[in-house]
Amino acid sequence: MNPSKTFRILVINPGSTSTKIAVYENDDPVVEQSVQHRPEEFKGCASTLEQRDIRYGHVMRMLEAHGIPPESLDAVVGRGGIIRPIESGTYHINEKMKQDLIDNSATVHASALGGLLAADLGERYGIPSYVVDPVVVDEMEQLAKLSGVPGIERRSIFHALNAKSVVRKVARELGVKYEDGRFVVAHMGGGITVGAHRYGRVIDVNDGISGEGPFSPERCGTVPLGPVIDMCYSGKFTREEMTAFLSKSGGMLAYLGTNDMRLAEKYIRNGDDYAALVMDSMAYQVSKEIGAMVAVLEGRLNAIILTGGLAYSHRFTASIKQRVDQIAPVITYPGENELAALAEGALRVLRGEENVKEYA
Ligand SMILES: Nc1ncnc2c1ncn2[C@@H]1O[C@H](COP(=O)(O)OP(=O)(O)O)[C@@H](O)[C@H]1O
Ligand SMILES: CCCC(=O)OP(=O)(O)O
């Protein structure tokens, strides 16, 4: 391997509310763009999977606008979606993974499109395609997996890529090795997941896509089951409508008609007390989940980390800190480090520093 070679890597990170796209040359981002999607843009799409062509168009237009021929890329890497539970690492996108990303399309998460778009582009232009630390990275202890209903196991579905990348950064800043530290990380984006990181492993975390944990800008979180069963059998809702509360039309969106925290903040500035209640309640639920993960870590932790798009909101993070900053130092890392983490994962493989993993 030539150590001075510059690798050009296209990075695609579809979230529920945005598609973040970048081109890296080795560790350096040379182009970065975040496309914000309003719900109207996907109105004609019956499922998240049907957004594939629209988001592919954004990626190709971005390359064209910056004069980057797809043929000049050494790799394309995307955020991976809901496939079978796997260990952390960089995976080659094979047919089996593509099929698993597509299956279960009623509840498919936007991150699945990262893998599928990377594969689409990779196949078209003959470029290797990868996913890194998809949302199904599973390091959960068996103790945490029992749900109370035999046959239903709790699942590890969370913002693995960003949570692990940010906690490593924070650990370095604190002078602690990630593998020696204990942290609670709350990633707060379109979905919200709060994980207990013990010595480099996420031993418990709320499932960010199946109705567990805090409600989020567009998901319901934990809901009392009795009324949900009543709704399911009321004849008023289809299976798809009920599923949508879990994945794209519950939470703040259902209460306020927007999944955009900046708009909710504007309503509050204009004196909307109901919007204030909804935001404060979401912060309250995040604080409760943090408390639960502190118990998982037996009360011993180095820091609590708040990250994701919602961590830009001063009002929101202040409301969480007020409840949890007596427990441990609270460190805010607004936004996320996912694009860099994806590029780094692909680069390690291109440089031969790490073996690419095969999804089986
Ligand atoms: N500067 C900001 N101030 C307040 N909220 C923000 C800001 N930037 C993003 N957000 C909010 O963060 C949420 C999306 O977070 P993000 O991590 O981008 O999510 P996703 O990756 O799921 O699309 C949205 O509700 C968005 O309005
Ligand atoms: C399912 C965990 C990932 C997640 O919720 O991502 P978004 O916040 O981007 O929707």
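Just follow the structure's listing: the first ligand is 1, and inside any ligand the first atom is 1. It should be emphasised that the depicted structure is a prediction, and the values quoted were computed from it without experimental measurement.
For atom 21 (O) of ligand 1, the closest heavy atom belonging to the protein is Lys20 NZ, 3.6 Å. The protein atom (non-hydrogen) at minimum distance from atom 13 (C) of ligand 1 is Leu310 CD2, 3.8 Å. What sits closest to atom 14 (C) of ligand 1 on the protein, heavy atoms only, is Thr17 OG1, 3.8 Å. The nearest heavy-atom contact from the protein to atom 25 (O) of ligand 1 is Asn259 O, 2.7 Å. The protein atom (non-hydrogen) at minimum distance from atom 1 (N) of ligand 1 is Tyr312 CB, 3.4 Å. The nearest heavy-atom contact from the protein to atom 4 (C) of ligand 2 is His159 NE2, 2.9 Å. Atom 1 (C) of ligand 2 has its closest protein heavy atom at Ile157 CG2, 3.7 Å.
Using a 4.0 Å cut-off to heavy atoms of Glu265, the atoms of ligand 1 that qualify are 4 (C). Below 4.0 Å from some heavy atom of Gly190 lie the following atoms of ligand 2, by number and element: 8 (O). Heavy-atom proximity to Val135, at under 4.0 Å, picks out these atoms of ligand 2: 3 (C). In summary, the atoms of ligand 2 found under 4.0 Å from a heavy atom of Gly15, numbered by their order in the structure, are 9 (O). Within ligand 1, counting atoms from 1 as listed, the ones closer than 4.0 Å to a heavy atom of Ser18 are 23 (O).
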Task: Intermediate values then yes/no, side-chain hydrogen bond (donor to acceptor under 3.5 Å, both in side chains), Arg182 and Tyr199 - done: CA-CA 6 Å; Arg182 301 162 79 97; Tyr199 309 139; 2.8 Å; yes
Open item on the list: Walk me through whether Arg168 and Glu179 qualify under salt bridge (Lys or Arg N to Asp or Glu O under 4.0 Å).
Closed with: CA-CA 9 Å; Arg168 276 183 194 282; Glu179 288 74 15; 3.2 Å; yes
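In the candidate list Glu336, Arg79, Glu338, Lys20, Arg79 is nearest to atom 3 (C) of ligand 2, counting heavy atoms. Across Met261, His314, Arg262, heavy-atom proximity to atom 9 (C) of ligand 1 is greatest for Arg262. Which of Gly190, Gly309, Gly15 comes nearest to atom 19 (O) of ligand 1 through a heavy atom is settled by distance: it is Gly190. Considering only non-hydrogen atoms, atom 5 (O) of ligand 2 lies nearest to Arg219 out of His187, Arg219, Arg155.
Counting all heavy atoms, side chain and backbone alike, Ser88 lies closest to Asp133 at OG-OD1, 2.7 Å. Closest approach of Thr6 to Glu25, counting heavy atoms only: CG2-CB, 3.8 Å.
A salt bridge links Arg315 and Asp280; the closest N-O separation between the charged side-chain nitrogens and carboxylate oxygens is under 4.0 Å. Between Arg154 and Glu212, at least one side-chain nitrogen of the basic residue sits less than 4.0 Å from a carboxylate oxygen of the acidic one, meeting the salt-bridge criterion.
A side-chain donor-acceptor contact under 3.5 Å links Asn259 and Glu218. A donor-acceptor contact under 3.5 angstrom links the side chains of Arg155 and Ser210, judged on distance only. Looking at Gln36 and Glu41, their side chains never bring a donor and an acceptor atom within 3.5 Å of each other.
In terms of polar-atom proximity, defined here as any N/O pair under 3.5 Å, His187 makes no such contact with ligand 1. An N or O contact shorter than 3.5 Å links Gly191 to ligand 2 by distance. The shortest N/O to N/O separation between Glu336 and ligand 1 does not fall below 3.5 Å.
By the 4.5 Å heavy-atom criterion applied to side chains, Tyr312 and Arg262 are not counted as neighbours.
Residue contacts with ligand 2 do not include Glu218, since none of its heavy atoms lies under 4.0 Å from the ligand. Met188 does not count as a contact of ligand 2, since none of its heavy atoms falls under 4.0 Å from the ligand.
Taking the centre and axis of the six-membered ring of Phe7, the NZ or CZ atom of Lys5 falls inside the cone set by 45° and 6.0 Å.
Put simply, NZ on Lys98 and CD1 on Ile83 are 13.5 Å apart, with the number rounded to the nearest 0.5 Å. Within the model, atoms CG of Asn26 and CG of Asp74 stand 9.0 Å from one another, a figure rounded to the nearest 0.5 Å.
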